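So the structure is just underneath, and the comments pick up after that.
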Number of protein chains: 2
Amino acid sequence: MNTFDTEDFRKQAHLIIDFLADYYQNIEKFPVRSQVSPGYLGEILPDSAPHDPEPIEKILEDVRSNIIPGITHWQSPNFFAYFPSCGSTAGFLGEMLANGFNVVGFNWISSPAATELETIVMDWLGKMLQLPEAFLFSGGGGGVLQGTTCEAMLCTLVAARDRTLREQGMENFDKLVVYCSDQTHSAFKSSNFQLCPVQLELEILSDVQNGLIPLFLCVTIGTTPSTAVDPLATLSEVAKKYKLWVHVDAAYAGSACICPEFRHFLDGLENVNSFSMNAHNALIKSLSTYPEFLRNHASESNKVVDYKDWQIMLSRRFRALKLWFVLRSYGVEKLREFIRVHVEMAKYFEGLVAMDQRFEVVVPRLFAMVCFRVVCCGENDVNEINEKLLESVNQSGRIYVSHAVLDGVYVIRFAIGATLTDYSHVSAAWEVVQEHADALLA
Amino acid sequence: MNTFDTEDFRKQAHLIIDFLADYYQNIEKFPVRSQVSPGYLGEILPDSAPHDPEPIEKILEDVRSNIIPGITHWQSPNFFAYFPSCGSTAGFLGEMLANGFNVVGFNWISSPAATELETIVMDWLGKMLQLPEAFLFSGGGGGVLQGTTCEAMLCTLVAARDRTLREQGMENFDKLVVYCSDQTHSAFKSSNFQLCPVQLELEILSDVQNGLIPLFLCVTIGTTPSTAVDPLATLSEVAKKYKLWVHVDAAYAGSACICPEFRHFLDGLENVNSFSMNAHNALIKSLSTYPEFLRNHASESNKVVDYKDWQIMLSRRFRALKLWFVLRSYGVEKLREFIRVHVEMAKYFEGLVAMDQRFEVVVPRLFAMVCFRVVCCGENDVNEINEKLLESVNQSGRIYVSHAVLDGVYVIRFAIGATLTDYSHVSAAWEVVQEHADALLA
């Protein structure tokens with residue numbers, strides 16, 4: 001049997017492309033948040049794998065009738081929940097190519113182009129962000145495309161821990177302290193929406209007095225609940241004084257900083273050890289594996305990067321192709337424009353909220369996300385009303401938004417970032433919210 | 001600006017499909033292992049991202065002339081290095097769909113189908129492997145598609161650690177001991193090619209006597225260097241006695257165990273806590289995050305699986321689509337056949353090696369990989385000759401093989417698994433090896 005025949009591949013892949021193009025064409029017809037009940041799919045699909053092959057047409061029919069109803073449509077222009085994932089044609093094409101070549105680029109020799117293209121586009125990205133020279137390969141640093149922010153966080157924590165334990169001795173393992181705001185990425189759990197430098201220093205001093213060892217400070221540029229920005233410059237000054245490893249988690253707002261008007265949020269980076277996906281030399285020391293079966297001349301020459309040493313996993317895909325496709329297909333200026341349009345639309349939505357006396361914008365909007373809530377609700381518990389409003393809006397399937405709790409205040413997060421979203425969707429979304437508020441407050 | 005126009009997408013995606021189909025058609029024309037020198041790409045590409053958009057045709061031309069020469073062709077039928085990654089049309093189509101829907105399925109509500117399809121295909125796979133009922137969702141267990149074996153290993157280690165520290169107290173953190181053979185997956189570093197149960201018990205007893213706490217045993221079914229199989233049944237009996245968490249790493253040979261004739265390698269699984277990607281309840285306890293912005297009714301109902309709690313990362317792709325496509329497109333019987341053909345081809349290669357007096361097969365072949373070496377080399381150092389042979393063969397670009405060192409013996413690993421490989425490639429590969437040996441030994 002042959003699981004790969006070129007002409008078969010060509011035919012079937014074209015079929016899928018048309019299937020997907022049709023899906024995008026019709027995406028607004030589906031409820032944004034899936035309306036299925038838990039366990040729906042188990043009642044439809046057989047409980048074991050088929051013994052014999054099934055034709056692609058039959059599988060696609062199943063996707064259409066059984067899978068799509070269970071999908072929450074992240075690519076819908078009416079998706080405003082979490083942080084939207086913004087797909088693009090170029091990104092999709094880059095992914096397709098990466099899947100097609102299907103190389104495993106754990107070290108340089110296993111596919112040189114995968115590594116080299118990644119080092120090149122990482123420097124491109126670093127320059128777009130105006131990172132200090134020391135963060136670039138050309139300045140002795142370097143970047144890596146991690147799978148997720150969680151992985152980046154874990155890698156830098158391990159690197160920081162090993163650096164400190166090398167200096168202070170392994171026996172201090174249980175004395176290490178990590179500092180971050182209570183709004184940080186959920187990789188951490190620790191009141192304000194910003195981390196306060198004065199309070200940080202007091203904490204550090206008290207910890208040192210108690211025999212603990214300050215290890216790591218996570219500064220967040222654009223928190224998940226409210227896109228708050230920690231004051232990087234002053235925080236990193238404090239951290240430097242006590243020799244903490246400073247990591248900047250700019251998972252959300254980092255990309256906005258390719259626009260000059262947002263770049264100031266990164267001021268202070270020169271005192272920082274790692275930035276989002278940035279890899280420090282110490283990182284390599286902690287994560288390096290070099291079993292015999294991967295030994296090769298290129299690695300031993302020290303002329304190449306082996307990305308397996310920059311991450312948790314050994315295996316890795318040809319990740320850079322996607323980013324390279326996106327950067328080239330759109331160019332820096334268009335990407336900036338893209339971000340600016342999202343921010344402008346959020347500003348527009350903020351204006352709509354402000355004009356309705358029953359609502360308030362809860363925290364000042366910085367980027368493309370607006371935190372708002374109903375405030376006029378008579379005898380009712382305000383948090384409860386907002387929770388009900390969210391559920392009723394989402395249940396309608398017309399838009400999908402999510403929420404956060406800031407200092408005990410339940411807020412609705414309206415995050416703009418889906419590629420297909422334009423002003424008409426934003427206006428319509430606000431009407432949906434108003435309609436449901438009308439019904440709820442009546 | 002719009003980064004997504006449906007008709008644009010359709011046109012450009014079809015272009016890429018044809019590009020990839022042509023690539024596969026010509027794949028045997030490229031040297032298998034890339035012939036470029038370190039830094040080749042930096043000399044060609046610009047050192048910053050373009051300011052303005054570039055057309056897809058120009059980018060594809062760059063892929064053709066600059067990227068492909070730097071690719072080591074994992075999909076080539078002449079790729080026999082590491083463990084080949086076997087692509088398939090169905091796998092590619094599944095990936096394309098997953099990329100197209102582009103959902104982030106971290107919890108159930110964020111895309112119910114992504115979670116439910118994963119629980120279903122995980123049970124399908126469990127049944128194909130005849131795992132004990134307790135490993136299936138239907139039996140109170142359950143599985144998850146991790147990104148890589150390294151991640152699976154890390155997750156189970158964390159789960160085992162937390163379980164033991166909950167029972168024994170956090171202060172015992174530095175007394176925990178992990179046991180594995182020195183041939184295990186490189187996630188561990190610790191002689192024989194099998195882990196010996198008698199020796200394991202002696203080690204455990206001596207560690208306990210020294211005040212240490214035995215934590216975790218990793219049993220490997222198909223080691224990376226030589227595909228050795230640890231004796232699971234007896235090892236897990238020993239581990240049970242001392243209450244170790246037993247993890248079975250069947251990264252390589254697990255898939256062969258869907259064939260009844262290989263299933264006996266998994267005997268003893270009923271005494272095991274986790275199997276490759278298998279997730280134990282304790283796993284969820286250790287990895288669970290539940291920040292407010294992800295709170296939702298479905299999760300609180302406890303009726304659903306939130307896969308974010310089964311992995312390191314918060315984010316996750318619609319991973320199950322690919323596996324589902326593969327299982328359905330080929331069916332269980334064809335997949336078994338596929339594995340059997342690879343094993344048969346390896347047996348054939350083993351026969352070819354055995355017929356040439358200058359070579360020996362170093363360890364008995366169990367699956368689709370043959371470890372062999374030159375033994376007749378006169379005055380020369382035998383390891384050195386084999387190392388030279390490997391490099392000369394790989395340099396030719398006609399095939400790509402890798403190596404391992406087993407108890408000080410340098411062996412060439414001939415691993416069959418690329419989808420396009422058939423008997424003609426295996427015969428031709430052996431001729432390449434012989435030719436280079438002729439030249440080297442002359």
Side-chain angles (χ1 to χ4, degrees), chain A residues 1 3-4 6 9-10 13 16-17 20-21 24-25 34 36 38 41 45 48-54 59 67 70-72 74 87-89 93 95-96 99-100 102-103 111-113 116 120 124 127 148 150 186 289 291-293 303-304 313-315 327-328 331-334 337 404-405 419, chain B residues 1 3-4 6 9-10 13 16-17 20-21 24-25 34 36 38 41 45 48-54 59 67 70-72 74 87-89 93 95-96 99-100 102-103 111-113 116 120 124 127 148 150 186 289 291-293 303-304 313-315 327-328 331-334 337 404-405 419:
Chain A
M1 117 152 161
T3 56
F4 195 91
T6 310
F9 166 84
R10 201 188 296 266
I16 298 268
I17 294 301
L20 282 173
Y24 289 123
Q25 219 141 32
S34 168
V36 299
L41 197 56
L45 297 191
S48 56
H51 186 267
D52 297 311
E54 296 184 84
I59 306 176
I67 301 295
I71 287 184
T72 293
W74 284 68
S88 68
T89 300
L93 304 181
E95 279 276 353
M96 250 202 300
N99 289 331
N102 208 0
V103 303
S111 231
E116 298 208 3
I120 290 167
W124 285 12
K127 286 174 190 169
T148 67
C150 299
S186 42
T289 54
E292 183 60 32
F293 75 103
K303 278 193 216 136
V304 298
M313 285 57 178
L314 176 60
S315 185
L327 294 179
R328 292 191 63 184
V332 177
E333 200 45 43
K334 289 270 176 213
E337 234 176 79
V405 173
T419 310
Chain B
M1 117 151 161
T3 56
F4 195 90
T6 309
F9 165 83
R10 202 187 294 265
I16 299 268
I17 295 302
L20 281 174
Y24 288 124
Q25 219 141 32
S34 168
V36 300
L41 197 56
L45 297 191
S48 58
H51 187 267
D52 297 311
E54 298 184 84
I59 306 177
I67 300 296
I71 286 183
T72 293
W74 284 67
S88 68
T89 299
L93 304 180
E95 279 276 353
M96 251 202 299
N99 289 331
N102 209 359
V103 304
S111 231
E116 298 208 3
I120 290 167
W124 286 11
K127 286 174 190 168
T148 65
C150 299
S186 42
T289 53
E292 184 60 32
F293 76 102
K303 279 193 214 132
V304 298
M313 287 56 180
L314 176 61
S315 182
L327 294 180
R328 292 191 61 185
V332 177
E333 200 46 44
K334 288 271 176 212
E337 232 176 81
V405 173
T419 309

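No experiment lies behind these values; they were computed from the predicted model shown. Sequence lines set the chain letters: A, B, ... in the order given, protein chains first and strands last, and positions in each chain run from 1.
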For [X] against [Y], the heavy-atom pair lying closest together:
| X | Y | result |
| --- | --- | --- |
| B:W124 | A:P50 | CZ3-CD, 3.9 Å |
| A:L41 | B:A113 | CD2-O, 4.2 Å |
| A:I17 | B:F9 | O-CE2, 4.0 Å |
| A:T6 | B:Y24 | OG1-CB, 4.2 Å |
| B:W74 | A:N102 | CB-O, 3.6 Å |

* Structure fact -> d(A:I59 CD1, B:L93 CG) to nearest 0.5 Å is 8.5 Å

* Measuring from A:I16:CD1 to B:T89:OG1, what's the distance to the nearest 0.5 Å? -> 10.5 Å

* **Side chain / backbone / both / neither for A:I67 at chain B, heavy atoms under 4.5 Å** => both

* **A:L45, part contacting chain B, at a heavy-atom distance under 4.5 Å** => side chain

* **Contact winner vs chain B - A:E54, A:R10, A:E95, A:R328, heavy-atom pairs under 4.5 Å** => A:R328

* Structure fact -> Given B:P53, B:A13, B:P112, B:S34, the one with more heavy-atom pairs under 4.5 angstrom with chain A than any other is B:P53

* Is a side-chain donor or acceptor of A:S111 paired with a backbone partner of B:T72 at a separation under 3.5 angstrom? -> yes

